[in-house]
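A quick write-up on the structure given underneath.
A quick note: this is a predicted structure, and the numbers were derived from the prediction, not measured.
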Amino acid sequence: MAVEPLAREEIEERLEQLPGWSVADDQLSRTYVFDGHPQAAGLVAEVARIQDELGHHSDLTLGYNKVTVTVNTHSVGGKVTELDFGLARRIEAAAPGHGAHG
C-alpha cells in the first residue's frame with residue numbers, strides 16, 4: 001500500500017491522541033523540555049535508534065535542555081502521513097517522563 005498524505009480531518013483526529021504535538025507548514029512537531037542537557041541528549045539518542053528501526057527520520061534540534069522533533073514524508077512531497085504519526089507515537093512511548101512540551 002502506498003503512503004498517502006493525510007487529509008486535514010485525519011491529521012486533527014490523530015493529533016487528539018498526541019497531546020503536545022502540532023502540525024504547521026506540512027510538518028508534525030513537538031518540543032520536549034528537560035531539567036538539563038544530559039536528559040535532552042539522551043532523548044536524541046533514543047529517537048535516533050527508533051528512527052533507524054522504522055526507516056523513517058525526523059529533523060532533531062538539540063538545545064541545552066530542549067529537543068524539537070519535526071517530521072514529514074519527503075516521498076509524498078513533504079506532506080504529513082501515517083508514517084509521521086507512527087514515529088511520533090513511538091517517540092511518545094519512549095519519552096513519557098522526558099519533559100513537557102514547550
Side-chain angles (χ1 to χ4, degrees):
M1 184 167 111
V3 176
E4 297 288 334
L6 294 173
R8 187 76 204 159
E9 300 79 32
E10 294 172 308
I11 289 171
E12 293 299 327
E13 288 172 9
R14 285 162 177 79
L15 284 173
E16 289 177 12
Q17 305 303 314
L18 288 168
W21 289 83
S22 62
V23 172
D25 300 323
D26 291 323
Q27 296 183 328
L28 177 63
S29 66
R30 178 174 178 173
T31 297
Y32 293 88
V33 180
F34 301 88
D35 290 334
H37 189 66
Q39 296 90 347
L43 180 61
V44 168
E46 181 63 14
V47 170
R49 186 194 63 72
I50 291 167
Q51 292 179 147
D52 277 351
E53 180 184 319
L54 296 177
H56 189 60
H57 298 81
S58 68
D59 290 329
L60 297 171
T61 304
L62 173 62
Y64 170 72
N65 68 335
K66 293 182 182 180
V67 175
T68 300
V69 180
T70 306
V71 65
N72 61 21
T73 304
H74 299 287
S75 64
V76 295
K79 301 294 183 182
V80 176
T81 70
E82 183 56 39
L83 291 175
D84 306 312
F85 278 97
L87 175 59
R89 286 189 292 272
R90 287 288 304 275
I91 292 169
E92 282 295 299
H98 286 196
H101 69 285

Problem set entry | Residues Arg90, Glu46; criterion salt bridge (charged side-chain N to carboxylate O under 4.0 Å, His left out); working and verdict | CA-CA 10 Å; Arg90 287 288 304 275; Glu46 181 63 14; over 6 Å; no
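- Checked by atom type and distance alone, the side chain of Asn65 never pairs as donor or acceptor with a backbone atom of Asp35 at under 3.5 Å.
- We find the CD1-CD distance between Ile50 and Glu53 to be 7.5 Å, quoted to the nearest 0.5 Å.
- The closest side-chain heavy-atom distance from Glu82 to Thr73 is not below 4.5 Å.
- Val23 places none of its side-chain heavy atoms less than 4.5 Å from the side chain of Glu12.
- Shown here for Ala40 and Gly63, the closest heavy-atom pair between the two residues is CB-O, 4.4 Å.
- The side-chain heavy atoms of His56 and Val71, taken from C-beta on, include a pair separated by under 4.5 Å.
- Proximity of Leu18 to Arg30: side-chain heavy atoms (C-beta onward) are nowhere separated by under 4.5 Å.
- The residue from Glu92, Gln39, Lys66 that alone fulfils the side-chain contact (heavy atoms from CB on, under 4.5 Å) condition with Tyr32 is Glu92.
- A donor-acceptor pair is defined here as one N or O able to donate and one able to accept, closer than 3.5 Å; such a pair exists between the side chain of Asn72 and the backbone of Asp26.
- How far CG of Leu15 is from CG of Leu28: 6.5 Å, rounded to the nearest 0.5 Å.
- Contact check for Asp52 versus His57: side-chain heavy atoms found under the 4.5 Å cut-off.
- Annotation: the span from Glu10 atom CD to Glu13 atom CD amounts to 7.0 Å, rounded to 0.5 Å.
- In this structure, the separation between CG on Leu62 and CG on Leu43 is 9.5 Å, given to the nearest 0.5 Å.
- Rounding to the nearest 0.5 angstrom, the gap separating the CG atom in Asp84 from the CD atom in Gln27 is 9.5 Å.
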Problem set entry | Candidate pair Leu87 and Gln51, rule side chain to side chain contact (heavy atoms under 4.5 Å, CB included), full reasoning | CA-CA 7 Å; Leu87 175 59; Gln51 292 179 147; 3.8 Å; yes
